[in-house]
Amino acid sequence: EAGVVQSPRYKIIEKKQPVAFWCNPISGHNTLYWYLQNLGQGPELLIRYENEEAVDDSQLPKDRFSAERLKGVDSTLKIQPAELGDSAVYLCASSLSGSEYNEQFFGPGTRLTVL
Amino acid sequence: GNSVTQMEGPVTLSEEAFLTINCTYTATGYPSLFWYVQYPGEGLQLLLKATKADDKGSNKGFEATYRKETTSFHLEKGSVQVSDSAVYFCALSGGAGSYQLTFGKGTKLSVIP
């Protein structure tokens with residue numbers, strides 16, 4: 001069974017440029033998460049989807065970040081414009097449902113460097 | 001709010017040494033507790049979990065016991081191997097209806113032959 005797929009794995013951009021990350025969750029997983037992981041820190045939740053609905057986006061900086069999950073499968077996270085402080089690893093995870101007992105499966109992440 | 005504190009690394013051990021990585025938490029209600037592991041170049045993987053007080057999670061020789069009285073979930077392994085070299089994250093979810101995973105900062109373990 002394929003795991004969570006993310007692309008690209010690495011991205012280097014100039015500040016003020018836009019960038020987008022793509023995530024394909026495990027087949028059948030209704031819940032999808034985007035996390036931000038700064039260097040030397042644990043992941044922090046940005047947004048959680050139940051199917052195509054964003055049910056928790058309270059920690060998403062909405063002035064520059066946006067996300068979508070059309071058709072409740074793949075998801076895209078966008079930053080526009082990117083700032084130097086956005087350099088981090090962006091992780092996508094999925095689970096069968098949003099229950100605390102359902103294991104979250106993580107993708108390998110996209111490492112973003114903003115110059 | 002919820003928070004997780006785990007011992008800072010890096011931790012360097014010789015092969016077959018005993019491992020303990022301390023983890024304590026603050027949460028409202030009764031959270032579930034997890035240890036995730038991140039091998040170099042890979043995504044986070046669930047190592048073990050415990051969903052209620054006094055539960056012991058175990059996997060691949062690692063163990064952790066949910067201690068409500070001390071709000072702790074320390075990770076232990078009796079004999080580490082070089083292949084255990086990775087970053088280990090303690091995390092919690094639930095408690096007061098929250099499904100969000102809250103992670104500690106991670107502890108990097110290096111095991112030398």
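These numbers come from a predicted model, not from an experiment. Convention: sequence-line order gives letters A, B, ...; per-chain numbering from 1. The basis for the numbers below is simple: all heavy atoms, side chains too, and nothing from hydrogens, waters or symmetry mates.
For the 3.5 Å distance criterion, the side chains of A:Gln41 and A:Glu44 fail to qualify, holding no donor opposite an acceptor.
For A:Phe105, no part sits under 4.5 Å from any heavy atom of chain B, backbone or side chain. With a threshold of 4.5 angstrom between heavy atoms, A:Gln6 does not approach chain B through any atom at all. At a 4.5 Å heavy-atom cutoff, A:Arg111 makes no contact with chain B through either its backbone or its side chain. Residue contact with chain A, scored on non-hydrogen atoms closer than 4.5 Å, involves the side chain of B:Gln38 exclusively.
Aromatic pair A:Tyr49/A:Tyr33: ring centres not closer than 6.0 Å. Aromatic pair B:Phe103/B:Phe34: ring centres not closer than 6.0 Å.
Contacts with chain B were tallied for A:Leu45, A:Val4, A:Asp56; A:Leu45 has the most, counting heavy-atom pairs under 4.5 Å. No other option in B:Gly43, B:Gly9, B:Cys90 has as many heavy-atom pairs under 4.5 Å with chain A as B:Gly43.
Using a cut-off of 4.0 Å between Lys/Arg side-chain N and Asp/Glu carboxylate O, A:Lys16 and A:Glu14 are scored as not salt-bridged. Under 4.0 Å is where a charged nitrogen must lie from a carboxylate oxygen, and between B:Asp84 and B:Lys60 no such pair does.
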